[in-house]
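Notes for the one structure printed next.
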Amino acid sequence: NNRHLIPDLKMVEVFSGVGLHQQSTTGSENARLNEEVKLYENAREREDYDNRANVFAMLQTIQALEKAYIKDAVNAADYSHWCVLLLDQFKAAFKLVKGESFPDVEVFARKYVMDCPAALERIKEDRPITEKGGNQSKSIAEIVSLFITVMDRLRLEIRAKDELHPDVKELFETMGRMRMLPPTFEGRVKVKKWLDTLNAMNPADELSPEQVRDMLFDFESGYNDFNRFLAHS
């Protein structure tokens, strides 16, 4: 039950017919103020308030997820999974309150003075920020996967050119196919630096331990740069 979310709105008129007044009272008036205020008179009204509370909570959750992704507190794969799930759940929840009072989610947010611009934008686009449609969406998923694969290999101290070069080369080429990424994008420049290094090596050559540390640092930075770019694009 999410009705406990509503009282946090303080002096905002949350439900029609329930007013909040501050005035000096005594005797019987004071006693009446101590009485429990019912938000509903019947089961139908109670269900309506429950439905509104669910929409309110889901808007807050989507807003929190967007902020977490922008701050790199959640990776792209997990973000995409939960965003798709929440958007589907929100659409089902909002159908239960949509009507003359709430023709759209923007009206609902204004009614309850909600500060959730990222959630409203995500609901408007009806897809995670990591999905830009068509081939581009596929490229984003491939880039994320390749970054993680290369970083995992480096953490396992895999240093041979023939084990690192194919994924690094594919990562660089996939980033090049993304039209939204500028040629000077820092994450791509870092990948190119190490692709050039590997290209200059013989197939049986290995990176030094120091090179492995430097390459891992650059790839972690490039991965974070890529996620930040998606969040602000």
Side-chain angles (χ1 to χ4, degrees), residues 61-91 117-156 158-201 203 207 211-233:
T61 303
I62 296 172
Q63 176 73 13
L65 178 63
E66 292 296 300
K67 292 177 69 175
Y69 180 70
I70 291 171
K71 294 178 180 179
D72 294 328
V74 59
N75 63 49
D78 287 341
Y79 162 80
S80 298
H81 169 77
W82 288 110
C83 190
V84 169
L85 181 63
L86 285 168
L87 289 174
D88 285 344
Q89 290 177 338
F90 176 82
K91 284 184 284 188
L120 294 176
E121 180 65 21
R122 195 57 39 231
I123 291 167
K124 180 180 178 181
E125 292 189 5
D126 193 28
R127 63 189 178 193
I129 198 171
T130 50
E131 294 184 8
K132 301 296 181 180
N135 293 330
Q136 192 156 260
S137 177
K138 180 180 178 182
S139 294
I140 290 172
E142 289 176 349
I143 289 170
V144 169
S145 177
L146 287 165
F147 260 120
I148 293 173
T149 297
V150 174
M151 289 188 293
D152 285 346
R153 288 178 181 273
L154 293 171
R155 292 188 182 106
L156 292 172
I158 294 175
R159 300 184 292 168
K161 171 187 175 175
D162 59 358
E163 294 188 79
L164 295 172
H165 183 270
D167 288 331
V168 174
K169 181 174 183 290
E170 185 178 356
L171 174 58
F172 179 75
E173 292 175 348
T174 305
M175 294 178 83
R177 290 195 294 270
M178 279 192 66
R179 296 180 181 179
M180 64 187 291
L181 277 179
T184 57
F185 174 65
E186 189 173 358
R188 188 166 183 258
V189 171
K190 291 173 181 175
V191 173
K192 178 66 163 59
K193 166 189 168 183
W194 287 102
L195 179 60
D196 290 342
T197 298
L198 292 169
N199 282 337
M201 295 169 61
L207 296 173
Q211 284 179 310
V212 170
R213 287 193 298 271
D214 291 342
M215 184 175 178
L216 180 58
F217 178 82
D218 282 344
F219 269 64
E220 287 175 339
S221 298
Y223 178 69
N224 291 332
D225 291 338
F226 182 69
N227 281 324
R228 279 192 291 271
F229 178 85
L230 293 177
H232 293 92
S233 62

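Because the structure is a prediction, the values reported are computed rather than measured. Throughout, residue positions are numbered sequentially from 1 according to the sequence presented.
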With sequence neighbours left out, the residues meeting side-chain contact (heavy atoms from CB on, under 4.5 Å) with Lys91 are Asp88, Asp126
Gap separating the CZ atom of Phe147 from the CG atom of Asn224, nearest 0.5 angstrom | 9.0 Å
To the nearest 0.5 Å, tell me how far Arg228 CZ sits from Asp72 CG.
-> 5.5 Å
Is there a side-chain contact between Thr61 and Trp82 (heavy atoms, below 4.5 Å)?
-> no
Roughly how far, to the nearest 0.5 Å, is the CD atom of Glu173 from the CG atom of Leu146?
-> 10.5 Å
Which pair of heavy atoms, one from Val191 and one from Leu171, lies closest together, and at what distance?
-> CG2-CD2, 3.8 Å
What residues, two or more places apart in sequence or in another chain, satisfy side-chain contact (heavy atoms from CB on, under 4.5 Å) together with Thr149?
-> Ser145, Arg153, Asp167
Member of Lys192, Arg213, Lys190, Lys193 meeting the salt bridge (charged side-chain N to carboxylate O under 4.0 Å, His left out) criterion with Asp218 = Lys193
Is any side-chain heavy atom of Tyr79 less than 4.5 Å from a side-chain heavy atom of Asn227?
-> no
Can you see which heavy atom on Trp194 is nearest to which on Gln211, and at what distance?
-> CH2-O, 3.5 Å
Counterpart residues, side-chain contact (heavy atoms from CB on, under 4.5 Å), relative to Leu154 (two or more places apart) = Val150, Leu164, Val212, Met215, Leu216
Is a donor on one side and an acceptor on the other found under 3.5 Å between the side chain of Lys161 and the backbone of Met201?
-> yes
With a 4.5 Å limit on heavy-atom distance, are the side chains of Tyr223 and Val144 in contact?
-> yes
Audit row: Ser221, Glu186, side-chain contact (heavy atoms from CB on, under 4.5 Å) steps and yes/no = CA-CA 9 Å; Ser221 298; Glu186 189 173 358; over 6 Å; no
Start with the C-alpha distance between Arg155 and Glu220, add both sets of side-chain angles, then the distance that settles salt bridge (Lys or Arg N to Asp or Glu O under 4.0 Å), and finish with yes or no.
-> CA-CA 11 Å; Arg155 292 188 182 106; Glu220 287 175 339; 2.9 Å; yes
State which residues pass ring-ring contact (aromatic ring centres under 6.0 Å, His included) with Phe226; sequence neighbours excluded, sorted by chain then number.
-> none
Could you pull out all residues at least two apart from Phe172 that satisfy ring-ring contact (aromatic ring centres under 6.0 Å, His included)?
-> none
Could you check if a side-chain atom of Leu86 sits within less than 4.5 angstrom of a side-chain atom of Arg122, using non-hydrogen atoms only?
-> no
Tightest non-hydrogen contact, residues Ser80 and Pro128, listed as O-CG, 3.9 Å
Please round to the nearest 0.5 Å and tell me the distance separating atom CG of Asn75 and atom CD1 of Ile148.
-> 6.0 Å
Return the set of residues passing side-chain contact (heavy atoms from CB on, under 4.5 Å) with Pro166 (not counting sequence neighbours), or none when no residue passes.
-> none
Specify the closest pair of heavy atoms between Pro117 and Gln63, including all atoms of both residues, with the distance to one decimal.
-> N-OE1, 3.6 Å
Rounded to the nearest 0.5 Å, how far does CZ of Arg188 lie from CG of Asp225?
-> 14.0 Å
When rounded to the nearest 0.5 Å, the distance separating CE of Met175 from CZ of Phe185 is 5.0 Å
